[in-house]
Amino acid sequence: MELPKKYNHIKRDQAIYKKWMDQNLFHSEPDEREPYTIVIPPPNVTGVLHMGHMLNNTIQDVLVRRARLLGKNACWVPGTDHASIATEAKVVKRLEAQGIKKSNLSREDFMKHAWDWTEEYGGTILTQLKRLGASCDWDRTRFTLEEDLSNGVIEVFVDLFNKGMIYKGVRMVNWDPKAQTALSDEEVIHKEVNSKLYYLNYQIEGEEEFLTIATTRPETILGDTAICVNPKDERYLHLKGKRAIVPLIGRSIPIIQDEYVDLEFGTGCLKVTPAHDINDYELGLKHNLPSIDILNDDGTLSEKAELYVGLDRFEVRKQIAKELEAKGILAKVEDMKNKVGFSERTDAVIEPKLSLQWFLNMKEMAKPALEHVMDGTIKFYPENTKNTYKHWMNNIKDWCISRQLWWGQQIPAYYYGDGANDFVIATTLEKAVELAREKTGKAELKATDLRQDEDVLDTWFSSWLWPISVFDGFKNPDNEDFKYYYPTNDLVTAPDIMFFWVARMIMAGYEYKGLPPFKNVYYTGMVRDEKRRKMSKQLGNSPDPIGLIEKYGADGVRVGMLLSAPAGNDLLFDEGLCDQGRNFSNKIWNAFRLVKGWEVNEKAEVSVVAEQANEWFTAIFQKNLAEINANYDKFRISDVLMSSYRLTWDEFCSWYLEMVKPDYQKPLAKKTYFQVIAHFENILRVLNPFMPFITEEIWQLLSERESTDSLMVNTWPVEERAADVVQEFESYKKLISEIRTIRKDKNISFKDQLELKVIADQSASTRYDAVVIKLTNLKNIEYVNTKVENSLSFVLGANEYFIPFAEEVDVAAEKNKLKEEINYQEGFLNAVEKKLSNSRFVDNAPEQVVANEKKKQADAQAKIEVLKKQLASL
RNA sequence: GGGCGAUUAGCUCAGUUGGUUCAGAGCACCUCGUUUACACCGAGGGGGUCGGGAGUUCGAAUCUCUCAUCGCCCACCA
């Protein structure tokens with residue numbers, strides 16, 4: 001069989017994936033094995049795969065695949081999120097492109113368009129994940145708006161309402177004028193912006209005097225209902241009880257006093273606009289002020305503003321500033337920086353708005369959710385993310401859950417009248433009718449007499465139930481799946497949705513199941529470009545994931561992503577990482593080609609070197625395996641990969657294979673061959689979670705197998721005790737390195753066989769001499785008693801080595817080398833002896849530390865002696 | 001304004017309770033190289049006073065304080 005020089009991922013990856021699918025290897029059903037479960041953070045239906053998904057899902061796949069190899073019943077549940085506001089925005093945009101306005105559509109028609117969109121694009125991202133190699137149980141794919149999940153959401157809403165935790169009320173909320181909906185606090189992003197502070201003169205009613213207020217939003221003066229000063233402010237004591245006139249519209253408003261006002265800021269006078277600022281709203285309540293809402297839902301000024309009606313708020317700001325200036329009301333303008341809230345989705349500037357919305361009080365739910373993270377029932381990686389979590393949970397506010405959108409879960413409130421409380425909450429319309437009849441005593445009420453609340457629920461009100469609802473934990477709480485898979489094991493997600501999602505899932509988990517939704521949360525970092533910038537469409541710095549997969553192979557990209565992505569750290573992505581991943585694939589492939597190319601003969605003699613190589617590699621493999629397992633337990637995935645990488649590249653390829661490699665045109669002993677295959681298979685097992693494709697391919701080709709015998713459902717290597725030879729072998733690596741250096745320094749070709757002569761220390765081992773001979777191309781190693789004339793020499797430990805040299809040896813240079821070495825050793829010895837002569841060190845330090853220093857002292861002394869001897873003999 | 005965290009080789013990062021192999025890894029860089037897999041390779045090599053300063057200690061990258069710079073989260077100062 002002629003093997004290609006490179007692994008052809010284009011040709012093979014998708015075929016391998018198909019085989020896994022055909023064999024149904026990703027599918028899981030409850031059985032007697034230990035379950036291992038991950039639920040995917042459901043990507044938005046509208047989404048296409050970006051680098052963040054790549055990182056996140058690669059990590060999940062690594063964890064799932066390893067669990068599978070460990071013999072657990074691994075189940076990774078995929079799915080998508082309906083993403084209410086994000087999807088609706090896209091659908092609206094598409095309709096606009098077709099010349100259709102949302103406002104001209106009925107709710108029903110709009111929903112049809114939205115479902116069309118979902119069917120069209122909803123599967124895209126999941127298909128893309130398959131290219132990455134994601135081993136999700138696709139039979140279990142769920143969607144947050146599908147019937148069963150949707151029913152769960154309704155049930156929870158009804159339940160929380162009945163418990164008094166959900167309520168409807170008028171509150172100051174974050175209003176997104178672009179999407180024209182209320183938002184939760186978490187959906188508002190505060191950014192520092194450059195703005196202007198306008199100083200405006202308000203006339204005191206009935207007097208010539210003016211007072212000056214400072215505001216960043218001059219357009220809101222049209223909604224002013226008071227001026228407020230601090231009662232301690234001596235500048236304004238005389239204004240108590242007086243009134244001021246709002247410029248331009250001439251409205252008379254009271255001048256009130258409140259400690260809230262900061263004497264230092266601006267002029268110490270605050271204009272109060274209760275409808276458009278949360279603090280002003282509070283002041284308004286306290287002082288019983290009227291509230292004038294001057295804004296329409298789309299951010300234009302309303303009739304109540306009296307002026308500039310119908311114009312956008314920012315346009316008004318420009319114009320009103322000019323008008324105020326022209327009329328001499330504007331005293332001055334200062335530049336300043338302040339924080340402004342922006343909508344996470346639409347980037348529109350948020351307006352605080354008094355509005356009737358649905359809220360969820362989470363104070364009680366937060367208690368167990370906080371407690372079980374703090375006590376480690378649920379572990380966070382990295383651990384310090386717990387602090388952020390704790391702070392938020394301790395200051396939790398009511399969650400505004402209603403959205404003025406259509407695409408989403410419609411609120412199950414049914415109105416039978418126009419009064420604020422003329423509604424019932426029910427899981428179905430039929431039940432609503434019953435309840436309405438009971439409540440009103442009107443037996444004649446029909447379904448058509450009821451009107452369902454128009455609002456939908458925040459997307460996260462669906463997603464917070466995800467780990468429960470994907471296993472039908474609401475529909476059928478006692479079902480086998482739910483009992484078996486819940487609580488899930490690990491959640492892999494980005495820290496920016498800790499509050500949106502993670503915290504709320506934990507709350508829902510305890511509220512509804514009395515159990516955590518997962519045991520570990522792994523927070524990935526953000527994927528940035530090599531200049532640390534966020535990846536964004538505008539910057540065009542986000543590579544196309546599918547393009548990368550096609551260029552480097554899924555294995556290469558996976559390795560590239562994980563090579564430098566410790567938990568919580570941002571990943572500075574550049575394509576060089578994929579190069580490295582692809583090179584690694586190539587290295588493994590070629591190791592395979594090498595092994596496959598060997599002629600194997602039953603009668604060939606097993607070499608000493610091959611036996612020693614086998615013993616040593618077994619030991620070094622075990623050492624690495626222990627490290628790898630430990631790092632998995634700590635979720636140090638990139639460290640796992642790095643250990644595996646070095647184990648494969650350095651230990652397996654550069655050392656082990658070089659050792660067992662048969663001599664030119666000689667066959668390899670069958671026994672040795674089987675050892676090589678066994679070690680290679682262990683390497684493949686360890687690499688498989690990271691590089692599922694190429695390892696599977698080699699697994700199939702390395703030895704004759706049934707095609708159904710897939711590596712992905714094979715076993716993880718077992719940790720066992722191995723001969724303790726690693727340390728000893730390391731010193732031989734040093735010797736080999738030394739000889740190679742001499743070859744290089746003296747320009748001696750590898751083809752020229754060298755002789756090595758040694759004056760050995762009594763205790764020196766000769767165990768791996770054959771290895772040295774093979775790897776450095778020596779004639780032999782000869783043990784001698786006296787120095788060898790005209791040779792290149794060096795000292796290792798307490799041994800003197802000589803390599804006879806055909807040319808004249810530069811004695812002066814050799815002497816210098818020795819002197820330098822002696823100097824270094826003496827300096828070292830000095831430091832050690834200084835330590836040992838310090839009684840406080842000897843008395844205080846642990847015995848072992850002192851003993852070690854003594855050993856270092858003895859070793860250094862011995863070495864110096866040998867070096868001096870050699871110097872003298874030159 | 002409050003809180004959390006970081007600062008170690010050109011880059012990205014390890015460094016567990018202070019003391020063995022404590023100054024490390026990968027990449028990048030330099031030199032040489034067609035040695036029976038791989039130039040997507042091999043062999044060899046250079047490179048850091050562990051952000052600055054002070055302190056505790058026999059001993060500090062590691063503990064304390066302080067300064068500087070940079071992140072992240074939270075917060076209603078117009």
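Here is how names work: the chains are called A, B, and so on, in the same order as the sequence lines, proteins then strands, and each is numbered from 1.
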Open item on the list: In whole Å, measure the gap between the C1' atoms of G51(B) and G5(B) for me.
Closed with: 15 Å

Open item on the list: Between C50(B) and A9(B), how many Å separate the two C1' atoms, rounded to a whole number?
Closed with: 10 Å

Task: Glu192(A) atom CD, over 12 foreign heavy atoms within 6.0 Å - done: yes

- [ ] For U12(B) versus G71(B), give the span between their C1' atoms, rounded off to a whole number of Å.
- [x] 16 Å

Open item on the list: Is it true that, when you exclude Lys534(A) itself, more than 12 heavy atoms of the residues, nucleotides or ligands shown sit nearer than 6.0 Å to its NZ?
Closed with: no

- [ ] Would you indicate, yes or no, if C41(B) has its OP1 or OP2 atom less than 4.0 angstrom from a side-chain nitrogen or oxygen of Asn583(A)?
- [x] yes

Task: Arg646(A) (side chain) donor-acceptor with Met642(A) (main chain) under 3.5 angstrom - done: no

Open item on the list: Counting only side-chain nitrogens and oxygens, does Arg532(A) get under 4.0 Å of the OP1 or OP2 atom of U12(B)?
Closed with: yes

Open item on the list: Nearest heavy atom decides the nucleotide; on that basis, is Ile736(A) or Lys634(A) closer to the 5' end of RNA chain B?
Closed with: Lys634(A)

- [ ] Could you tell me how the ring of Trp589(A) sits relative to the ring of Tyr7(A): parallel (under 30°), tilted (30 to 60°) or perpendicular (over 60°)?
- [x] tilted

- [ ] For Phe635(A), check ring pair (Phe, Tyr, Trp, His ring centres under 6.0 Å) against everything at least two apart and list the hits.
- [x] Tyr381(A)

Task: Annotated protein contacts, base or backbone, on nucleotides 71-78 of chain B with a non-hydrogen cut-off under 4.0 Å, one of B, S, - each - done: --SSBBBB

TODO: Determine the Euclidean distance between corresponding P atoms of G15(B) and U8(B); express it in Å to zero decimal places.
DONE: 14 Å

Task: All side-chain contact (heavy atoms from CB on, under 4.5 Å) counterparts of Asn777(A), not counting sequence neighbours - done: Arg743(A), Phe750(A), Gln753(A)

List the atom pairs, with distances to 0.1 Å, where a side-chain N or O of residues 567-580 of chain A and a protein N or O form a donor-acceptor pair under 3.5 Å, not counting sequence neighbours.
from, atom 1, to, atom 2, distance (Å)
Asp570(A), OD1, Met526(A), N, 2.8
Asp570(A), OD2, Arg528(A), NE, 2.6
Asp570(A), OD2, Arg528(A), NH2, 3.4
Asp574(A), OD1, Gly576(A), N, 2.9
Glu575(A), OE1, Lys551(A), NZ, 3.3
Glu575(A), OE1, Tyr552(A), OH, 2.5
Asp579(A), OD1, Arg582(A), NH2, 2.6
Gln580(A), NE2, Tyr645(A), OH, 3.4

TODO: For Arg646(A), answer base if it contacts any base atom (sugar-phosphate contacts may also be present), sugar-phosphate if it contacts only those atoms, and nothing otherwise; contact means non-hydrogen atoms under 4.0 Å.
DONE: sugar-phosphate

Task: Crowding at CD, Glu530(A) (>12 non-hydrogen neighbours, <6.0 Å) - done: yes

TODO: Starting at the 5' end of nucleotides 55-63 of chain B, put B wherever the base has a protein heavy atom under 4.0 Å, S where only the sugar-phosphate does, and a dash everywhere else.
DONE: ---B-----

TODO: Could you say whether Lys6(A) or Asp745(A) is positioned toward the 5' end of RNA chain B, judged by the nucleotide with the nearest heavy atom to each?
DONE: Lys6(A)

TODO: Strictly below 4.0 Å, heavy-atom distances to any atom of RNA chain B: list the hits from residues 572-581 of chain A, or just say none.
DONE: Leu572(A), Gln580(A)

Task: Phosphate contact (C32(B) OP1 or OP2) by Lys744(A) side-chain N/O below 4.0 Å - done: no

Task: Counterpart base for G1(B), defined by Watson-Crick or G-U wobble contacts under 3.5 Å - done: C74(B)

Task: Side-chain N,O (Trp649(A)) to OP1/OP2 (G42(B)) below 4.0 Å - done: yes

Open item on the list: Any donor-acceptor pair, under 3.5 Å, between the side chain of Lys587(A) and the base of C38(B), if you only look at N and O atoms?
Closed with: yes

Open item on the list: Please confirm whether the shortest side-chain N or O distance from Lys751(A) to OP1 or OP2 of U34(B) is below 4.0 Å.
Closed with: no

TODO: Compare side-chain N and O positions of Arg636(A) against OP1 and OP2 of G15(B) and report whether any pair is under 4.0 Å apart.
DONE: yes

Task: Nucleotide forming a Watson-Crick or wobble pair with U69(B), both distances under 3.5 Å - done: A6(B)

Open item on the list: I'd like to know if Glu658(A) reaches the base of A43(B) with its side chain, counting only an N/O donor and acceptor under 3.5 Å.
Closed with: no

Open item on the list: If you count heavy atoms of other groups shown closer than 6.0 angstrom to CG of Asp724(A), is the number above 12?
Closed with: no

Task: Stepwise side-chain hydrogen bond (donor to acceptor under 3.5 Å, both in side chains) test for Ser585(A) and Asp555(A) - done: CA-CA 7 Å; Ser585(A) 287; Asp555(A) 295 325; 4.8 Å; no

Task: Interatomic distance, Glu351(A) atom CD to Thr220(A) atom OG1 [nearest 0.5 angstrom] - done: 9.0 Å

